[in-house]
There are 2 protein chains.
Amino acid sequence: MELTNVSKQIIKNLSVDCVVFGFENFELEVLLIKRKLNPGKDSWALPGGFILKSETLDDAAVRLLEETSNVKNIYLEQVHTFSKTDRFPLRRVISVAYLALVNPEKHSLKPGIDATDVKWQKVKDPIDFPFDHQEIFDRALNQLRKRVRTKPIGFELLPEKFSLTQLQNLYESILGEEVDKRNYRKRILSLKMLVPLNEYQKGVSHRAARLYKFDSKAFKKLKDEGFNFQL
Amino acid sequence: MELTNVSKQIIKNLSVDCVVFGFENFELEVLLIKRKLNPGKDSWALPGGFILKSETLDDAAVRLLEETSNVKNIYLEQVHTFSKTDRFPLRRVISVAYLALVNPEKHSLKPGIDATDVKWQKVKDPIDFPFDHQEIFDRALNQLRKRVRTKPIGFELLPEKFSLTQLQNLYESILGEEVDKRNYRKRILSLKMLVPLNEYQKGVSHRAARLYKFDSKAFKKLKDEGFNFQL
DNA sequence: TAACCTTATTGTATTTTTTACACTTATCAA
DNA sequence: TTGATAAGTGTAAAAAATACAATAAGGTTA
């Protein structure tokens, strides 16, 4: 490893923090790491780290998620940049927050170099965040709640083939409120972004639900036509 | 001036760029400065500059707008952080974009230390931006178009007392499309955020329009009740 | 002072969208 | 075969969005 290589130079006053959402057992979750070092040693924090001179913020977010938790190839979007002068105790660090969506089943967790542990934590359980991570988390959750009504991002959190009930559960657990089953189905199907499959749920002791998949081409077409939906 | 004072230390790899919108003569405008120095000397660019160790990004945006254009005490919101590695020619600089709203009549312009000139430029006229300022501008305009439908921010751009026609003109010039007068009035008045005054337009050679003012208390109340409007 | 020009102001009928609501079907387990 | 559980489905009522045009007011001009 060439530490003198310009491309590996760390920008020490700029970090990226990722709020990674997952969905398992009908519950919205967030990915946390246990910090190996001070400040905040042993506390459960948002995964993140510093950016390199050679990479964009998006690149950094991708890299840091791989490094800190082994999570790859996921939906990412920038949320906000946090800049309180005392937000990090050691020195002035400004942090760019990212929102990420992951299907937990597709990604095995593995603590990165600066963490002793990684876990999925239910969003509705209380979390004792260090630094300003509570504020970052709140903002990211807020953004997720807006997005889920205007972009079909929820599919990132589900298996490729899913039932309408799964989709509705996800939707409800992101928004934190319940919706009418028939009305939800009507709306979501009317958008023509879902294709029904000739496959059904397996291993359940009740009527098996039909499976659907997300039709990204149909969605792209809608978008190109300037169609704005609101779920 | 104590250059050694920590509070005045500049963070050289982090800048703020402001997209300042104004509304004059029924037209949406943007504030541009003529750069005094290279890179981009003499080009018309977005006002901005570097942040100080002692200030937040919001603070920096406020300060830079005062410094570069004499514009004070205005609506500000963060838009996005831009980080392409080659976005600034001299060295790696990451820039946080802000959206600002100003009533041009209330602010006299005065070029700051790094500018030879300042001006309001009509948004619909072509602008030849340096660096990645086109991208920054596009994103800010986009955000403004979203905001104007979900927050009563347009009032920042108008005099304290305004007519419904003025408000509608502003709305139309932000969105770039026309709306029906009767329906617009119905909707905006139904929100109860406007109070009709016993004052009327003056100096016009036709029927004088009634003036209204924005009722920020009523709006706050609406928001506290969790009411989300969509214009 | 009457005719004219310009913009302000106002209501209704139609269409579209959203909401509320409950029974039947399928599958497995007991 | 009965019971339990979740899947799947339609309609009527209410609310919201849209399309649309005549009258009022103030100033200017002939």
Side-chain angles (χ1 to χ4, degrees), chain A residues 23-27 148-150 154 158-159 161-173 175 177-213 222 225-231, chain B residues 23-27 145 148-150 158-159 161-173 175 177-213 222 225-231:
Chain A
F23 186 66
E24 255 179 330
N25 308 122
F26 311 101
E27 291 266 18
V148 80
R149 293 175 159 280
T150 55
L158 292 176
K161 299 168 184 179
F162 51 84
S163 69
L164 295 183
T165 301
Q166 273 181 294
L167 190 58
Q168 184 179 346
N169 282 335
L170 168 59
Y171 183 78
E172 289 175 334
S173 60
L175 291 183
E177 62 189 37
E178 303 202 335
V179 297
D180 180 85
K181 187 171 26 166
R182 277 174 291 190
N183 293 338
Y184 180 77
R185 283 165 184 239
K186 244 182 298 178
R187 267 204 313 248
I188 196 82
L189 290 176
S190 74
L191 298 173
K192 314 260 186 192
M193 296 184 322
L194 299 183
V195 276
L197 305 172
N198 283 323
E199 289 183 61
Y200 295 82
Q201 230 179 352
K202 275 173 190 157
V204 288
S205 75
H206 55 75
R207 178 170 179 178
R210 179 164 211 160
L211 301 180
Y212 291 76
K213 67 177 185 184
L222 280 183
E225 289 163 1
F227 181 70
N228 273 325
F229 65 92
Q230 178 97 3
L231 277 176
Chain B
F23 186 65
E24 256 179 332
N25 308 123
F26 312 101
E27 292 265 15
R145 287 183 171 156
V148 81
R149 293 175 160 277
T150 55
L158 291 176
K161 299 167 184 180
F162 50 84
S163 69
L164 295 183
T165 301
Q166 273 179 295
L167 191 57
Q168 182 178 348
N169 282 334
L170 168 59
Y171 183 78
E172 290 175 334
S173 61
L175 292 183
E177 62 190 35
E178 304 201 336
V179 297
D180 180 85
K181 187 170 23 168
R182 277 173 292 190
N183 294 336
Y184 180 77
R185 283 165 184 239
K186 243 182 299 179
R187 267 203 314 247
I188 196 85
L189 290 176
S190 73
L191 298 174
K192 314 258 187 196
M193 297 184 321
L194 299 183
V195 277
L197 304 172
N198 283 324
E199 289 183 60
Y200 295 82
Q201 233 179 350
K202 276 174 188 155
V204 288
S205 75
H206 54 77
R207 178 172 180 179
R210 178 164 211 160
L211 300 181
Y212 292 76
K213 67 175 183 184
L222 279 183
E225 289 163 2
F227 181 70
N228 273 324
F229 65 91
Q230 177 94 5
L231 278 176

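Not measured: the values here are computed from a predicted model. We use all heavy atoms of the structure for the numbers below, so side chains are in, but hydrogens, waters and symmetry mates are not. Quick note on labels: first sequence line is chain A, next is B, and so on, each numbered from 1.
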For [X] against [Y], the heavy-atom pair lying closest together:
| X | Y | value |
| --- | --- | --- |
| A/Phe229 | A/Met193 | CE2-SD, 4.2 Å |
| B/Leu189 | B/Leu164 | CD1-CD1, 4.2 Å |
| B/Leu170 | B/Leu158 | CD2-CG, 3.9 Å |
| B/Arg210 | B/Pro196 | NE-CB, 3.8 Å |
| A/Leu191 | A/Leu222 | O-CD1, 3.3 Å |
| B/Phe23 | B/Asn169 | CZ-C, 3.8 Å |

(message) Going by ring-ring contact (aromatic ring centres under 6.0 Å, His included), name the pairs with one or both residues in residues 179-201 of chain B, residues two or more places apart or in two chains.
(response) B/Tyr171-B/Tyr184
(message) Can you list, in residue-number order, the parts of residues 163-173 of chain A that come under 4.0 Å of DNA chain C, counting heavy atoms only?
(response)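 Within residues 163-173 of chain A, no residue comes under 4.0 Å of DNA chain C.
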(request) Give, ordered by number, those residues of residues 178-190 of chain A having at least one heavy-atom distance below 4.0 Å to an atom of DNA chain C; if nothing qualifies, reply none. (result) A/Asp180, A/Arg182, A/Asn183, A/Lys186, A/Arg187
(message) Reading DNA chain C from 5' to 3', where do the contacts with chain B start and stop? Cut-off is 4.0 Å to heavy atoms.
(response) C/dT6 to C/dT12
List the residues meeting salt bridge (Lys or Arg N to Asp or Glu O under 4.0 Å) with [X], not counting sequence neighbours, and say none if there are none.
| X | answer |
| --- | --- |
| B/Glu172 | none |
| A/Arg149 | A/Glu177 |
| A/Glu27 | A/Lys124 |
| A/Glu178 | none |

(message) Show every salt bridge (Lys or Arg N to Asp or Glu O under 4.0 Å) that has at least one partner inside residues 179-193 of chain B, sequence neighbours left out.
(response)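 Those involving residues 179-193 of chain B do not exist here.
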(request) Anything under 4.0 Å to a heavy atom of chain A counts; send over the first and last such nucleotide of DNA chain D, read 5' to 3'. (result) D/dT5 to D/dT11
(request) Applying side-chain contact (heavy atoms from CB on, under 4.5 Å) between A/Lys161 and each of A/Gln201, A/Glu199, A/Gln166, report the one that passes. (result)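 Of A/Gln201, A/Glu199, A/Gln166, side-chain contact (heavy atoms from CB on, under 4.5 Å) with A/Lys161 is met by A/Glu199 alone.
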(message) Are the side chains of A/Leu231 and A/Ile188 in contact, using a 4.5 Å heavy-atom criterion?
(response)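 They are in contact (side-chain heavy atoms under 4.5 Å apart), so the answer is yes.
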(request) Mind running a 4.0 Å heavy-atom check of residues 192-205 of chain A against DNA chain D and sending the residues that fall below it, in number order? (result)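 Per residue number, the list is empty: none.
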(request) Name all residues meeting the side-chain hydrogen bond (donor to acceptor under 3.5 Å, both in side chains) criterion together with B/Asn25; count only those two or more places apart in sequence or in a different chain, and write none if there are none. (result) none
